There are 4 protein chains.
Amino acid sequence: MRVENSEIFEKYFKNLSDRERAVFEGGITLGALFHQFVGTPVSKKNKELLERAIEESMKNQPFVYDIKVKIKNVEEKYVSLDGKMLDVDLKIKVNNVIAHLKLEYIPEIDYPLMYVKDFEER
Amino acid sequence: MRVENSEIFEKYFKNLSDRERAVFEGGITLGALFHQFVGTPVSKKNKELLERAIEESMKNQPFVYDIKVKIKNVEEKYVSLDGKMLDVDLKIKVNNVIAHLKLEYIPEIDYPLMYVKDFEER
Amino acid sequence: MRVENSEIFEKYFKNLSDRERAVFEGGITLGALFHQFVGTPVSKKNKELLERAIEESMKNQPFVYDIKVKIKNVEEKYVSLDGKMLDVDLKIKVNNVIAHLKLEYIPEIDYPLMYVKDFEER
Amino acid sequence: MRVENSEIFEKYFKNLSDRERAVFEGGITLGALFHQFVGTPVSKKNKELLERAIEESMKNQPFVYDIKVKIKNVEEKYVSLDGKMLDVDLKIKVNNVIAHLKLEYIPEIDYPLMYVKDFEER
């Protein structure tokens, strides 16, 4: 059983709407992903394996419905993964609400931004 | 100027209410804190300095209004910081809304839980 | 070209024997591995992929000749990777010297120990 | 009692000279420091506190005799700590041998290099 399905877990979240819950869990997952994996040695040789491993690792987090990770600007020579190289599409599903979240580098503010693209009702 | 005060930053968040924005940013900060600092060597000698350094580091994150970090069950002998040792009170302020967030270990589910305690309007 | 093959890199290491160089690089790699990946969400579902991703990531580090990572005591329910779950065999090759290094949890001292098992001359 | 003073700990290191032991432990500490703290939010406001917290945290590691951490190129605006910003002087003492180790960014190879500056006998 996933932790988010336990009653004790649920009682802490009665004060949030489904949308609020979805963006809260999405924020946790993006913050976790960034700060867990920034610094990891990456080159062309291990880029794809690392992308898949990040995705599958974050799928353990509560309410993650889908996640796609791309690491950009990887070269032959290895570097420590920089947050600006990350491009992440994340879907969090809470009841009928799906929040689409994004982490991507925004050159105008020189910042790897995490934001909510849109919501979907199912 | 803080990044969250730039117009470019702001235009990505027009689809969120102040409460949604507050819990999104709060989620990011808690996920970031946990995955950045878990693993850090900690003993009685460096516990307080590490608590202050985590607080001041996370105050850089957008919309952090206040944060208090306690590391529990620290002994003479050093260990790698475990997420179950973290007890965090975080306040995120977006316009007139303050969200109080918490990270604490919940023994019943053996899980370091991140949740929203309550909201305050100012 | 790997960074360790550059002349500038090499001139910093003239004061070390091949054995000293091998254990220095091995120490770096074990310390890096531990502190990079501790905290990663892991369950039975993503354990093997994470093991392979850690191996391939660390193969980017200078002089890594071979590495085998096992994550122990993984369950259905996900947890944050604890250093005590790591079992690593690492070979570092500097010229004709191969150092075999190990990271494993030693229950008697309740400590995930990094040490040098033995050396091989080729 | 520090972990390195236990007999069980010691029996794993009979195959290393004091110099080898010193550079092995120094490598671990530098690799650990880099991969633990890269990614931490840092600005002018929390730079000094973070430097001290990194130093005191790493003093828990076995055989660390002294350590001095400087974070370079910090600005008003916060960034995620990049390994290229780190400048570390580390002394490891094993019996009568002190190894002086260094982590610093080397522009010619665009690489944050860890190396052994020299040894001292006391």
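Below, chain A is the first sequence line, B the second, and so on; all start at residue 1. Note that the structure is predicted; figures quoted are calculated from it, not measured.
- Other residues, nucleotides and ligands contribute over 12 non-hydrogen atoms within 6.0 Å of the NZ atom of D/K77.
- Within a 6.0 Å sphere centred on CD of B/E10, heavy atoms belonging to other residues, nucleotides or ligands number more than 12.
- Across all their heavy atoms, D/Q36 and B/G39 have their closest contact at OE1-C, 3.1 Å.
- When the shell of 6.0 Å around CD of B/E48 is examined, it contains 12 or fewer heavy atoms from other residues, nucleotides or ligands.
- Annotation: the span from D/Q61 atom CD to B/Y78 atom OH amounts to 4.0 Å, rounded to 0.5 Å.
- By the 4.5 Å heavy-atom criterion applied to side chains, D/L49 and B/R52 are counted as neighbours.
- For B/K102, the side chain to side chain donor-acceptor pair (under 3.5 Å) test picks out B/D87, B/D89, with sequence neighbours left out.
- Looking at D/E76, there are no atoms closer than 4.5 Å to chain B (heavy atoms on both sides), in backbone or side chain.
- Within a 6.0 Å radius of NZ in D/K70, no more than 12 heavy atoms belonging to other residues, nucleotides or ligands are found.
- Looking only at side-chain heavy atoms (C-beta outward), D/I54 and B/T40 stay at 4.5 Å or farther from each other.
- In this structure, the separation between OG on B/S43 and CZ on D/R2 is 8.5 Å, given to the nearest 0.5 Å.
- Heavy atoms of other residues, nucleotides or ligands lying less than 6.0 angstrom from CD of B/E7 number 12 at most.
- Residue with the most contacts toward chain B among D/V38, D/L50, D/V3, D/L33: D/V38 (heavy-atom pairs, distance under 4.5 Å).
- Taken to the nearest 0.5 Å, the NZ atom of D/K45 stands 6.5 Å off from the CG atom of B/N60.
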